[in-house]
Amino acid sequence: MKSFGRAIHAEFTKVTTTRLWWMLALIMVLYVALVAGGLTAILGTVGAGARGPVLSDADRAPLIYSFGSSIGYVFPVLLGALVTTSEFRHKTLTPTFLATPKRGRILVAKLVALTVFGGLFGVLAMIASVGAGSGLMAAFGQDAQLGSSAIWALAGRAILAMALWCAVGVGLGVLVPSQVAAIVIVLAFTQFVEPILRFASGLTDWSAQVGKFLPGSASDALVGASFYSLSAPSLVALDWWQGAGVLLAYAVVAAVLGYFTSWRRDVT
Amino acid sequence: MPEGVTIEFTNVTKRFGSVEAVSDLSFTVEPGQITGFLGPNGAGKTTTLRMLLGLVTPTAGTATLGGVAYRDLPSPLATVGAALEAASFHPGRSAADHLRIYAQAAGLPRARVGVVLEQVGLGGYASRRVAGYSLGMRQRLGLAYALLGDPRVLVLDEPINGLDPEGIRWIRLFLRSLAAEGRTILVSSHLLSEVQQSVDEVVIIAHGRLIHRGTLASLDMVDSKQVIVDSPNRDGLGWALQAAGYAFRSLRGGVIVDNADATEIGGIAFAAGIPLSSLSQKHAGLEDSFLALVGEEGAL
């Protein structure tokens, strides 16, 4: 148990001693703040003209704030995947396995340490979306709902989602040790493949029952609001805790498969 | 625990697909000595060392340290230190951070980081990112990692590879100082001359098989004895040697006679009335013996 704690400590230090984490965090914060702030400004301006559907205060705030996770989740996935694949790329598995020969222990420590980091990314992303969104809502004279407990529960669930996404990234990184391949998969899947699958699966009842288990759908179900539910209000969704379970399952299944296909193999 | 750890390979075999990299290899490395682990490139040295360290799983057989497999050592870095290649670093991390990570993982005091960096002469570069390091500095950082747990046993894979003369000189002196502290060192090389001055014992492999095991001096025993002889009357000398049944080659600097003794050759020349201008016994060098052992085809 003591050696497990040391392994988590070491995995944490691995992340903090390169520039990757704060560069990703910085880009994420700017991106989330820009999108959440920009949309608030558009809704504020359009709302005054009263054309098209006007969102109520109770709908607007959670939608805007959920951008922290609904568009920010790709950053913790990248962090998890890049930190893990860099161990293969830079051959640092050799000193890692020499210092801690129990390899399964290191993989679990990595999952734990990066889940914590994903949570930190979640906190930063929510500060960005809530900060930019609520500031502009106030400027337009709208209710930013900051006194609502439902909003803070949403923020908490979004942070949990970001933490789990980082673990999914670690799982992907062990499953696909090639760094370039892992980056391509993350970007192609999150930005292109999954949005199409989610849209297509919503077209029939039976496919919607499958589509709700897609990682992005599970994440949105966990958070409880996203621009997807706005564009398709009749969406079939999981309960929030089921969404968390599905995301966790993706992370664990990928990590276990990766343990057998790459992590446990000879280091030459 | 750290004192007197014997390294033991027992019938170790490793196959990569259809290629047998190491074949039924058995030998022990006694504590308190420097053992040279020699063989041409591709002989299976690195694979053998990685099996000892639990990085590669043997197809058959066992490799142990003091009777315990590396993966079962209670404190591996404090038992055996290993420097395997010069490229196991994240280029964006500083040397001190690199070492700090593994000190944390192994539960070693953080102060060890500064100590080992000073020991290998990198104290002034501790906070510089490894990306800017020369090959020699990377080799030193690899050694610093090996020394992190202050182990009594060191396993070094080709530590001299790719170094400039100054770096080679430094490593030789460093190995000698480590050995003077009574540490057990297993150092691999594809050139005997690189480690000749440092090692007490040699283990030689080629094509994954054990070829020779013994003291450095034992390599001399496998000398092929040659005599170098010359005469103003080379033709006459040649006739006399041929008549006596010796195989010889005529070179610019003299005639080389295989499997001969200088006294006998002198006697033959004297009996034939041939004046000699030079006569000496040639001992093949250790390097020649080494090459003869691993065979010409052994060098890939």
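When reading the values below, keep in mind they use all heavy atoms of this one structure, side chains included, and skip hydrogens, waters and symmetry mates. A note on names: the letters A, B, ... follow the listed sequences, proteins ahead of strands, and every chain is numbered from 1. Please read all numbers here as calculations on a predicted model, not as lab measurements.
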For residues 156-170 of chain A, which side-chain donor-acceptor pairs fall under 3.5 Å, sequence neighbours excluded?
from	atom 1	to	atom 2	distance (Å)
A:R157	NE	A:L222	O	2.9
A:R157	NE	A:V223	O	3.2
A:R157	NH2	A:V223	O	2.8
A:W165	NE1	A:S219	OG	2.9

Does any backbone or side-chain atom of [X] lie under 4.5 Å from a heavy atom of chain B? Answer side chain, backbone, both or neither.
X: A:K14; answer: both
X: A:T16; answer: neither
X: A:R265; answer: backbone
X: A:S86; answer: side chain

Could you check whether any side-chain heavy atom of [X] comes within less than 4.5 Å of a side-chain heavy atom of [Y], counting everything from C-beta outward?
X: A:T17; Y: B:I101; result: yes
X: A:L20; Y: B:H90; result: no
X: B:Y102; Y: A:T92; result: yes
X: B:R50; Y: A:D266; result: no

Candidate pair B:T47 and A:T268, rule side-chain contact (heavy atoms from CB on, under 4.5 Å), full reasoning
CA-CA 7 Å; B:T47 302; A:T268 52; 5.9 Å; no
Which pair of heavy atoms, one from [X] and one from [Y], lies closest together, and at what distance?
X: A:T94; Y: B:S88; result: CB-OG, 4.0 Å
X: A:P95; Y: B:H98; result: CG-CE1, 4.4 Å
X: A:T100; Y: B:A105; result: OG1-CB, 3.7 Å

Can you tell me how far NE2 of A:H9 sits from CD of B:Q104, rounded to the nearest 0.5 angstrom?
3.5 Å
Scan side-chain atoms only and decide if B:R93 and A:T18 contain a donor-acceptor pair under the 3.5 Å cut-off.
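Looking only at side-chain atoms, A:T18 and B:R93 do not form any donor-acceptor pair under 3.5 Å.
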Does any backbone or side-chain atom of B:Y70 lie under 4.5 Å from a heavy atom of chain A? Answer side chain, backbone, both or neither.
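Its backbone and side chain both get close to chain A.
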Could you tell me which of A:L93, A:I106, A:T96, A:V267 has the largest number of non-hydrogen atom pairs under 4.5 Å with chain B?
A:V267
Quiz: residues 55-65 of chain B side-chain donor-acceptor pairs under 3.5 angstrom, not counting sequence neighbours:
from	atom 1	to	atom 2	distance (Å)
B:T57	OG1	B:R71	NH2	3.4
B:T59	OG1	B:R15	N	2.8

Excluding sequence neighbours, so at least two apart, what forms side-chain contact (heavy atoms from CB on, under 4.5 Å) with B:S189?
B:L38, B:E158, B:L191, B:E194, B:V195
Has A:R103 got more than 12 heavy atoms of other residues, nucleotides or ligands less than 6.0 Å from its CZ?
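Yes, the 6.0 Å shell around CZ holds more than 12 heavy atoms from other groups.
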Considering only heavy atoms, give the residues of residues 106-128 of chain B separated from chain A by less than 4.5 Å, sorted numerically, with 'none' for an empty result.
B:A106, B:G107
